[in-house]
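Structure first, then comments.
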Amino acid sequence: MLLQKKFYSYLRREYFLLGQCLSFLHKHAYSIMRKIIITIDGFSSCGKSTLAKQLATKLNYVFIDSGAMYRAVTLYFLRNHVDWTNKDQVEEALKLIDLKFEYNSEAGKSDIYLNEENVEYVIRDLVVAEKVSEVAAVKEVREYAVAAQQLMGKRKGIVMDGRDIGTAVFPDAELKLFMTADPLVRVERRYKELFEKNPLVQIDEVKHNIEMRDYIDSNREFSPLRQAADAIVIDNSFISPDEQLKMAMDLAKERIKMAQQVEQRQSS
Ligand code: DC
């Protein structure tokens with residue numbers, strides 16, 4: 001009887017350990033496999049960041065919201081009265097800006113820090129949103145942000161969303177997605193998001209801001225918003241977030257497999 005008990009407890013422990021090993025392998029499977037770069041570009045309020053964050057979590061990759069960098073620079077310029085139409089002022093100000101991302105376990109993603117201050121919340125304000133496209137169109141600002149973004153992707157294993165990630169930042173990325181959605185759906189989504197923070201926000205104001213940002217982002221001189229020739233379009237106007245994630249995950253798995261095969265061929 002005692003022997004039987006001991007045997008069962010031994011089995012339970014072994015099963016527990018096996019379960020732990022399997023869950024570890026499941027969680028880290030994509031970290032062990034060949035890593036790739038995934039870029040997600042598209043218009044404002046298309047849900048790029050949501051998808052990027054979900055993909056990064058599933059793949060155990062780093063998620064970088066490149067728009068947050070342009071927003072943080074805009075916040076600095078506004079606070080310090082930097083005239084972004086003046087090249088010298090911009091260059092001087094950029095020397096004083098330190099941006100970094102730090103993982104926030106509660107949010108399940110990284111927060112952006114501007115000179116050691118967590119500005120993740122304040123950069124989402126309409127005051128910043130109204131000026132960010134103008135600041136993001138400045139050549140020196142783009143050079144500064146793109147150089148930092150390319151450094152972050154050096155070791156691959158990254159999902160980055162923005163406007164020029166598949167065209168200018170990582171033109172050789174293994175998977176490029178381009179997201180789009182019906183303009184009215186986008187306005188409603190953004191309105192709901194802002195309303196939670198500020199119930200006084202007006203839907204017309206949100207609509208105008210989205211239209212203006214689309215226009216400036218698509219028509220600026222330096223790296224305007226474009227769909228990369230090899231990008232895959234996802235229109236999420238009428239599909240559920242789960243369907244969208246499945247679509248993107250299937251593509252990511254396929255591209256990881258392809259990258260792995262290329263690597264094996266090269267090493268044999
Ligand atoms: O993704 P977002 O709405 O947070 O981006 C804020 C602004 O920054 C947006 O107007 C376009 C600009 N942007 C850009 O020009 N290039 C990027 N890679 C990301 C954002």
Side-chain angles (χ1 to χ4, degrees), residues 37-53 56 62-78 84 90 94 97 99 101 107 109-112 114 119-153 158-171 173 176-181 183 185-187 189-194 197 205-228 231 236:
I37 292 181
I38 302 175
T39 66
I40 305 184
D41 290 305
F43 294 101
S44 303
S45 307
C46 275
K48 301 183 297 292
S49 295
T50 308
L51 178 64
K53 183 178 144 183
V62 175
F63 157 52
I64 300 292
D65 167 6
S66 71
M69 298 172 75
Y70 293 100
R71 286 173 182 264
V73 170
T74 306
L75 179 67
Y76 182 91
F77 285 3
L78 288 171
W84 51 83
V90 168
L94 288 173
I97 295 180
L99 297 182
F101 286 94
K109 67 176 208 56
S110 300
D111 285 348
I112 191 160
L114 164 65
V119 291
E120 186 61 38
Y121 189 77
V122 63
I123 56 165
R124 310 286 160 196
D125 207 275
L126 255 186
V127 180
V128 174
E130 264 173 9
K131 296 294 171 201
V132 64
S133 284
E134 282 179 38
V135 172
V138 176
K139 184 170 166 266
E140 291 73 23
V141 173
R142 297 211 73 80
E143 285 168 351
Y144 170 89
V146 170
Q149 289 153 8
Q150 287 174 336
L151 212 60
M152 293 178 207
I158 191 169
V159 186
M160 193 178 283
D161 82 304
R163 305 292 186 287
D164 61 339
I165 312 301
T167 51
V169 183
F170 299 121
K176 298 179 186 175
L177 300 175
F178 189 86
M179 292 180 61
T180 156
V185 174
R186 289 162 54 211
V187 169
R189 280 184 195 153
R190 188 82 188 117
Y191 174 70
K192 271 190 199 155
E193 221 175 88
L194 288 171
K197 283 202 232 166
E205 197 183 4
V206 176
K207 183 168 177 278
H208 173 256
N209 179 255
I210 286 188
E211 285 169 353
M212 181 197 74
R213 282 204 287 152
D214 282 355
Y215 182 81
I216 302 179
D217 294 344
S218 313
N219 292 286
R220 68 180 173 223
E221 191 181 349
F222 307 106
S223 4
L225 167 64
R226 290 273 180 279
Q227 180 191 325
N236 65 11

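These numbers come from a predicted model, not from an experiment. Counting starts at 1 for both ligands and their atoms, in listed order. Excluded from the calculations below are hydrogen atoms, water molecules and symmetry mates; all remaining heavy atoms, backbone and side chain alike, are included.
Considering only residues two or more places apart in sequence or on other chains, K207 meets the side-chain contact (heavy atoms from CB on, under 4.5 Å) condition with V187, E211. With sequence neighbours left out, K176 forms a side-chain hydrogen bond (donor to acceptor under 3.5 Å, both in side chains) with D230. A search for side-chain contact (heavy atoms from CB on, under 4.5 Å) contacts involving K192 returns nothing, not counting sequence neighbours.
Between M152 and V62, the closest side-chain pair of non-hydrogen atoms is not below 4.5 Å.
Sorted by chain and number, the heavy-atom contacts of ligand 1 below 4.0 Å come from S66, G67, Y70, R71, V132, S133, A136, R142, G162, R163, D164, I165, R213, D217, R220.
Between F178 and F43, the ring planes are perpendicular. Angles over 60° get that label, and only those under 30° would be called parallel.
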Review point. Going through the distances and angles, do E221 and R142 end up as a side chain to side chain contact (heavy atoms under 4.5 Å, CB included)?
Key: CA-CA 11 Å; E221 191 181 349; R142 297 211 73 80; over 6 Å; no

